[in-house]
Amino acid sequence: MAEANNNLSFERFHLRPIDEINGFKVRPGLYEQNGATAIPSGVNFTVPTNGGTSVELLLFKNREDEPYAVIPFPENYRIGNVYSMIVFDLNIEDFEYAYRVDGPYDKEKGLIFDKNRILLDMYAKSVTGQSEWGKKKSSKSFYKARVVRNDFDWGSEPNPNIGLEDLVIYEMHVRGFTKDESSGVKYPGTFAGVMEKIPYLKDLGINAVELMPVFEFDEIKENRKYNDKVLVDYWGYNPISFFAPNTSYAAKTEDNSSGTELKKLIKRLHDNGIECLLDVVFNHTAEGNEMGPSISFKGFDNNIYYMLTPRGEYYNFSGCGNTLNCNHPVVRYMILECLRYWVTDYHVDGFRFDLASILGRNEDGSPMSNAPLLQNLAYDQILADVKLIAEAWDAGGLYQVGTFPSWNRWAEWNGKYRDDMRDFLKGDIGLMPVAARRVAGSKDIYDPEHRGENASVNFINCHDGFTLWDMYCYNSKHNEANGWNNTDGADDNRSWNCGWEGETDNENINKLRRRLCKNAMTTLLMSRGTPMFLAGDEFLNTQYGNNNTYCQDSPISWLEWGFLEKNREHFRFTRHLIKFRNEHPVIRKYMGGCSLGFPDNWSLGPDHTKVLRVVFAGRNAENTADDIVCFAINTHWERQDCYLPELPHYLCWQIETDSSLEIYKAGFPEIWDKKVRTNGNMINMEARSSMVFSVVRV
């Protein structure tokens with residue numbers, strides 16, 4: 001302790017004030033520490049700007065809009081392009097801060113400095129005025145930041161560090177997951193609300209949640225009314241700050257402890273063996289195009305942080321007005337520093353990158369074969385154990401599923417899996433060979449030699465599009481509530497309404513829909529690759545045909561937990577599939593040669609049947625016995641014979657699931673404890689049904 005005190009005194013001795021500006025004692029700061037950081041003697045403020053000629057620090061009383069102090073950075077407090085200053089005797093609980101930056105104005109060169117514009121720190125760890133969802137406390141058009149106290153105790157428990165091949169990812173919107181009254185939580189729509197549902201997640205069996213954007217965004221920045229209902233930026237894909245969590249997702253105002261509730265959630269997830277992945281948006285910001293506001297990046301270095309045309313206008317490969325200039329060295333460094341921060345300070349386990357093809361574009365917008373940013377992330381030492389998952393396309397037409405630069409490190413949302421399996425599952429003919437390849441791991445897309453064994457993240461439904469239930473209730477999107485005359489959202493849904501558009505009381509149609517949902521979930525969880533499904537699909541939640549709920553902070557987007565009881569049979573079915581997948585690693589990865597000589601995975605051709613059968617064969621985890629699983633699906637409208645590989649007399653096929661049966665209503669495994677076995681190699685399958693078999697001893 002004495003040594004620590006001596007070190008502290010030594011540090012304070014060397015951090016003495018050397019100047020006084022407008023009544024504040026100051027000295028040059030810590031130039032490599034971006035943002036605002038509390039230190040024992042005050043606060044260090046560091047801000048980079050390449051084109052700015054002067055910078056002012058503005059201090060505000062909490063929740064006030066006029067600064068009580070303006071402290072210009074002396075010119076000799078600048079090294080290179082970085083301004084840094086320690087301001088002494090500041091209590092971080094007493095103030096909020098922002099900046100003003102002066103510099104040249106030449107719009108065609110992308111230089112739009114404005115010495116009167118108040119700017120948010122690009123490295124802000126907490127953004128103020130956003131703590132209550134739907135209400136902005138400031139009437140001004142600028143944002144301020146707080147200095148964050150980083151004293152969260154993570155304890156000694158390690159992160160789960162689950163292999164990508166062993167994950168079952170559950171995509172979730174933090175607010176929508178528990179906002180509806182039916183969720184029954186104490187703190188609906190918050191990180192704390194998600195925390196209350198962890199026992200449910202553990203019971204379901206998933207071991208990773210992927211949180212839709214939790215970076216700070218302003219849900220009411222461009223709100224509008226339609227049919228007397230307020231429409232907002234509900235999804236959050238318009239980031240204001242990359243380093244700050246969305247404060248309105250916290251159950252209580254956190255101020256200088258911003259992020260604590262999210263850290264508690266992540267720690268609690270880890271304690272229950274569940275990883276936390278973040279859906280991150282580094283392709284654009286909320287500043288928009290020429291008509292958009294100057295919040296932060298535009299005011300510090302517009303021509304560096306954004307891709308600009310030769311006339312100084314914004315390239316729009318994001319579809320949202322601007323495109324982040326990801327492969328400029330300055331921006332590249334900022335993104336890397338940001339991800340490191342979320343891993344070291346929040347213990348995040350991985351990232352899904354929205355419109356990730358933009359991260360591989362050059363400064364002029366052209367695609368790069370070996371983008372420096374993607375390579376830096378792939379080889380970064382801090383990020384070495386972190387999952388990197390790309391949405392391998394963008395709004396500018398660059399589609400890279402299967403060709404995304406990876407260095408054997410990046411995985412991808414497999415959009416081809418989604419499209420091919422949607423077509424196949426609704427009964428389109430001629431798709432059996434491609435469906436077999438998708439179930440077997442899409443090696444035709446992801447060559448294991450160059451992409452490894454874990455490049456494919458398989459999904460059929462996600463936040464962007466129909467829910468699983470809606471996929472079999474609607475032939476067309478029904479986005480009228482969004483206020484764009486149903487012109488928004490994708491038209492290529494590859495869905496089938498089973499003969500009736502929307503909800504119906506016809507039990508035959510509903511029975512078929514439930515079976516098709518089971519088929520889809522079975523296919524997803526019996527496919528090699530990392531499965532991901534949308535929160536609520538395990539109990540057939542609906543969005544009433546809306547396939548683009550980005551603006552719907554309403555029951556359209558919120559999970560209706562009453563469906564859990566109504567569709568508990570489907571929930572139990574899904575839970576059983578997840579459990580079965582976890583018990584049979586041969587579904588997830590190569591497990592060594594099977595003693596029967598069966599190959600690792602292969603599909604049985606259609607020959608004289610319309611049933612797709614994919615067999616996974618290998619050894620169990622202990623290498624003491626064979627592990628053989630067969631997935632079979634009949635997408636035809638008539639019953640079909642299913643032929644299974646012949647087995648030695650001492651082995652037989654055991655039926656593990658059958659989507660044509662609704663046995664889970666009474667609970668599993670009570671009614672299914674005496675599993676059906678067959679010594680033969682032929683099963684007559686119901687129309688539009690799927691089955692899973694395992695090999696057991698007689």
Side-chain angles (χ1 to χ4, degrees), residues 167-173 176-177 204 206 208-212 235 277 279 352 354 389 391 393 401 412-428 435 438-439 442 456-479 489-498 502-503 513-527 529-550 552 556-560 563-564 567 570-571 573-575 577-578 581 633 635 659 690:
L167 290 186
V168 177
I169 302 174
Y170 187 80
E171 190 195 26
M172 172 199 302
H173 188 280
F177 188 59
L204 175 60
I206 60 95
V209 295
E210 182 178 297
L211 302 182
M212 289 174 64
W235 279 352
L277 316 179
D279 188 345
R352 176 264 186 188
D354 182 64
I389 303 171
E391 183 184 39
W393 54 85
V401 171
E412 298 175 20
W413 267 23
N414 191 343
K416 292 181 180 179
Y417 179 97
R418 174 199 58 201
D419 295 344
D420 291 338
M421 298 314 300
R422 280 191 171 198
D423 287 338
F424 172 73
L425 289 167
K426 66 185 173 72
D428 287 5
R438 298 294 159 263
V439 173
S442 294
S456 180
V457 175
N458 301 328
F459 69 104
I460 298 173
N461 306 90
C462 65
H463 71 275
D464 192 1
F466 281 147
T467 66
L468 176 58
W469 177 251
D470 288 358
M471 190 169 69
Y472 296 117
C473 291
Y474 299 93
N475 280 350
S476 304
K477 65 187 182 185
H478 292 269
N479 300 353
D491 293 309
D492 182 23
N493 294 294
R494 305 172 190 241
S495 58
W496 178 43
N497 67 10
C498 299
E503 297 294 329
R513 288 172 173 175
R514 291 193 295 268
R515 183 180 297 183
L516 292 173
C517 289
K518 283 185 175 180
N519 290 347
M521 194 63 81
T522 303
T523 303
L524 177 66
L525 289 165
M526 292 301 110
S527 294
T530 303
M532 183 197 78
F533 62 92
L534 178 64
D537 278 353
E538 73 275 16
F539 55 70
L540 305 181
N541 187 64
T542 179
Q543 292 176 173
Y544 309 98
N546 193 318
N547 75 350
N548 188 34
T549 61
Y550 77 101
Q552 292 294 331
I556 293 176
S557 289
W558 303 339
L559 263 64
E560 167 54 72
F563 287 120
L564 175 58
N567 300 311
H570 184 82
F571 169 82
F573 183 84
T574 303
R575 181 176 61 183
L577 284 169
I578 295 172
R581 179 184 177 89
I633 183 167
T635 61
S659 69
S690 59

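Quick caveat, the model's predicted, so the values are computed rather than measured.
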Would you say the side-chain atoms of [X] and [Y] include a donor-acceptor pair closer than 3.5 Å?
{"X": "N461", "Y": "T467", "answer": "no"}
{"X": "W558", "Y": "Q543", "answer": "no"}
{"X": "Y417", "Y": "S456", "answer": "no"}
{"X": "S659", "Y": "N519", "answer": "yes"}
{"X": "S442", "Y": "N414", "answer": "yes"}

(message) Please find the pair of heavy atoms, one from L516 and one from C498, that lie closest to each other, and give the distance.
(response)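 L516 and C498 have their closest heavy atoms at CD1-SG, 3.4 Å.
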Quick check against the 3.5 Å criterion: does [X] have a side-chain atom that pairs as donor or acceptor with the backbone of [Y]?
{"X": "N546", "Y": "N548", "value": "yes"}
{"X": "N541", "Y": "L559", "value": "no"}
{"X": "D537", "Y": "L468", "value": "yes"}
{"X": "N475", "Y": "N497", "value": "yes"}
{"X": "T549", "Y": "Q552", "value": "no"}
{"X": "N547", "Y": "F466", "value": "no"}
{"X": "K477", "Y": "G489", "value": "yes"}
{"X": "R438", "Y": "M421", "value": "no"}
{"X": "E391", "Y": "R352", "value": "no"}
{"X": "R581", "Y": "S527", "value": "yes"}

Compare all side-chain heavy atoms of [X] with those of [Y] and state whether any distance is below 4.5 angstrom.
{"X": "T523", "Y": "V439", "answer": "yes"}
{"X": "C473", "Y": "R513", "answer": "yes"}
{"X": "T530", "Y": "N458", "answer": "no"}
{"X": "D470", "Y": "Y544", "answer": "no"}
{"X": "C517", "Y": "L540", "answer": "yes"}
{"X": "R514", "Y": "H570", "answer": "no"}
{"X": "M526", "Y": "P531", "answer": "no"}
{"X": "W393", "Y": "V401", "answer": "yes"}

(message) Taking ring-ring contact (aromatic ring centres under 6.0 Å, His included) as the definition, give me every residue that meets it alongside F539, ordered by chain and number, with sequence neighbours left out.
(response)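 Partners of F539 by the ring-ring contact (aromatic ring centres under 6.0 Å, His included) criterion, ordered by chain and then number, come out as W561.
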(request) Tell me, please, which residues at least two apart from Y474 pass ring-ring contact (aromatic ring centres under 6.0 Å, His included). (result)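 For Y474 the ring-ring contact (aromatic ring centres under 6.0 Å, His included) partners, ignoring immediate neighbours, are H478.
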(message) Please determine whether side-chain contact (heavy atoms from CB on, under 4.5 Å) holds for the pair D279 and D354, giving the CA-CA distance in whole Å, both sets of side-chain angles, and the decisive distance to 0.1 Å.
(response) CA-CA 7 Å; D279 188 345; D354 182 64; 4.0 Å; yes
(message) One pair to check against side-chain contact (heavy atoms from CB on, under 4.5 Å): I169 and V209. What are the steps and the verdict?
(response) CA-CA 6 Å; I169 302 174; V209 295; over 6 Å; no
For this output row, return yes or no: ring centroids of [X] and [Y] closer than 6.0 angstrom.
{"X": "F459", "Y": "W413", "value": "yes"}
{"X": "F533", "Y": "Y170", "value": "yes"}
{"X": "W235", "Y": "H173", "value": "no"}

(request) Take E538 and R575, measure what salt bridge (charged side-chain N to carboxylate O under 4.0 Å, His left out) needs, and give me the verdict at the end. (result) CA-CA 8 Å; E538 73 275 16; R575 181 176 61 183; over 6 Å; no
Atom pair [atom1] ([X]) and [atom2] ([Y]), whose distance is rounded to the nearest 0.5 Å:
{"X": "D464", "Y": "Y550", "atom1": "CG", "atom2": "OH", "value": "12.0 Å"}
{"X": "M471", "Y": "L425", "atom1": "CE", "atom2": "CG", "value": "6.5 Å"}
{"X": "M172", "Y": "F177", "atom1": "CE", "atom2": "CZ", "value": "4.0 Å"}
{"X": "I389", "Y": "M532", "atom1": "CD1", "atom2": "CE", "value": "8.5 Å"}

(request) Could I get the full list of side-chain contact (heavy atoms from CB on, under 4.5 Å) partners for D423, not counting sequence neighbours? (result)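 Per chain and number, D423 pairs via side-chain contact (heavy atoms from CB on, under 4.5 Å) with K426, D428, L431, R494.
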(request) Take I206 and I578 through the test side-chain contact (heavy atoms from CB on, under 4.5 Å) and record every step on the way to the result. (result) CA-CA 7 Å; I206 60 95; I578 295 172; 4.0 Å; yes
(message) Quick one, V457 with E412, criterion side-chain contact (heavy atoms from CB on, under 4.5 Å). Give me CA distance, side-chain angles, the key distance, then yes/no.
(response) CA-CA 6 Å; V457 175; E412 298 175 20; over 6 Å; no
